[in-house]
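One structure is given below, encoded as structure tokens.
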Amino acid sequence: QFSAILIIISVFFDPFFYFCVISSVSPSIEPKSQTIYISSPKPAFLPCNHSGFPLPSVYWTVTHFGVPKNITRGDPVSLISDVNGKLIVQKLEMFENGTLHIFEVDYPHSEKQYQCTAVNRLGVAKGNVRLTVVGGMFVCLFVLLCFVLFFFSTLHCTCAKEAVGL
């Protein structure tokens, strides 16, 4: 939607008209959908690239155990999960520019769909961010294991070649 107000100002003895156009634009979020990949246990920053005039109010929504939770600027949220008797706390806050900050990404608790919503008097826009957690301890151990196996298999082959060459 688009609406405008035209203001015309004329000054006595001035043959020109001066005008100003004040327009309103409904909110939008670009891109509408995106996936962000991050390794655990690093912080994550999910952008909400919003626009509109008047400047839209922005908030994030995440579903935690079937319950939608809203995160607004100045009102951080802690999501608590019980994993085998151990409490996992995930802290989320929204910056002034609409970016969602997840203090420490934890697999699989952080791997979710996060929704950014921008609202002004002309409408509502929504954008989705899918957070995918990559890496973590298991991948590091797997890479280390592959490196060790490669190193020893190469060492073994080298020794076998030297033994054959004698």
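Basis for what follows: all heavy atoms, side chains included, without hydrogens, waters or symmetry-related copies.
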Which pair of heavy atoms, one from E93 and one from L100, lies closest together, and at what distance? O-CD1, 3.4 Å

Would you mind reporting whether I102 and L131 have side-chain heavy atoms less than 4.5 Å apart? yes

Do P47 and Q34 have side chains that get closer than 4.5 Å, going by heavy atoms? yes

Spacing of CD belonging to Q115 relative to CG belonging to N70, to within rounding of 0.5 Å: 9.5 Å

When you measure from the side chain of R130 to the backbone N and O of K112, does any donor-acceptor pair fall under 3.5 Å? yes

Tell me, do L46 and W60 make a side-chain contact under 4.5 Å, heavy atoms counted? yes

Which heavy atom of V77 sits nearest to which heavy atom of L79, and what is that distance? CG1-CD2, 3.8 Å

Test side chain to side chain contact (heavy atoms under 4.5 Å, CB included), reference Y114, set N128, T61, L92, I36, output is L92

Is the side chain of S40 donor-acceptor paired with the backbone N or O of V105 at a distance under 3.5 Å, no angle test? yes

Side chains of I88 and K86: closer than 4.5 Å at any heavy-atom pair? yes

Mind listing the closest non-hydrogen atom pair of P27 and A125 along with its distance? O-CB, 3.5 Å

Minimal non-hydrogen separation, P31 against N49, with atom names: CD-ND2, 4.3 Å

Assess whether side chain to side chain contact (heavy atoms under 4.5 Å, CB included) is satisfied between H50 and C116, documenting all intermediate values. CA-CA 9 Å; H50 62 283; C116 176; 5.6 Å; no

S81-Q90 side chain donor-acceptor pair, cut-off 3.5 Å: no

Smallest heavy-atom separation, V89 atom then S78 atom, equals CG1-CB, 4.0 Å

Answer yes or no: is there a side-chain heavy-atom contact under 4.5 Å between T72 and S57? no

Side chains of K91 and P76: does their closest heavy-atom pair fall under 4.5 Å? no

Let me check something: do I29 and V62 share a hydrophobic cluster, defined by ILVMFWY side-chain heavy atoms less than 4.5 Å apart, either directly or through other members? no

NZ/K32: more than 12 non-hydrogen atoms of other groups inside 6.0 Å: yes

Is it true that L122 and Y59 fall in one hydrophobic cluster, defined by side-chain heavy atoms closer than 4.5 Å? no

With distance as the sole test, does N120 use its side chain to make a donor-acceptor pair with the main-chain N or O of V25 at under 3.5 Å? yes

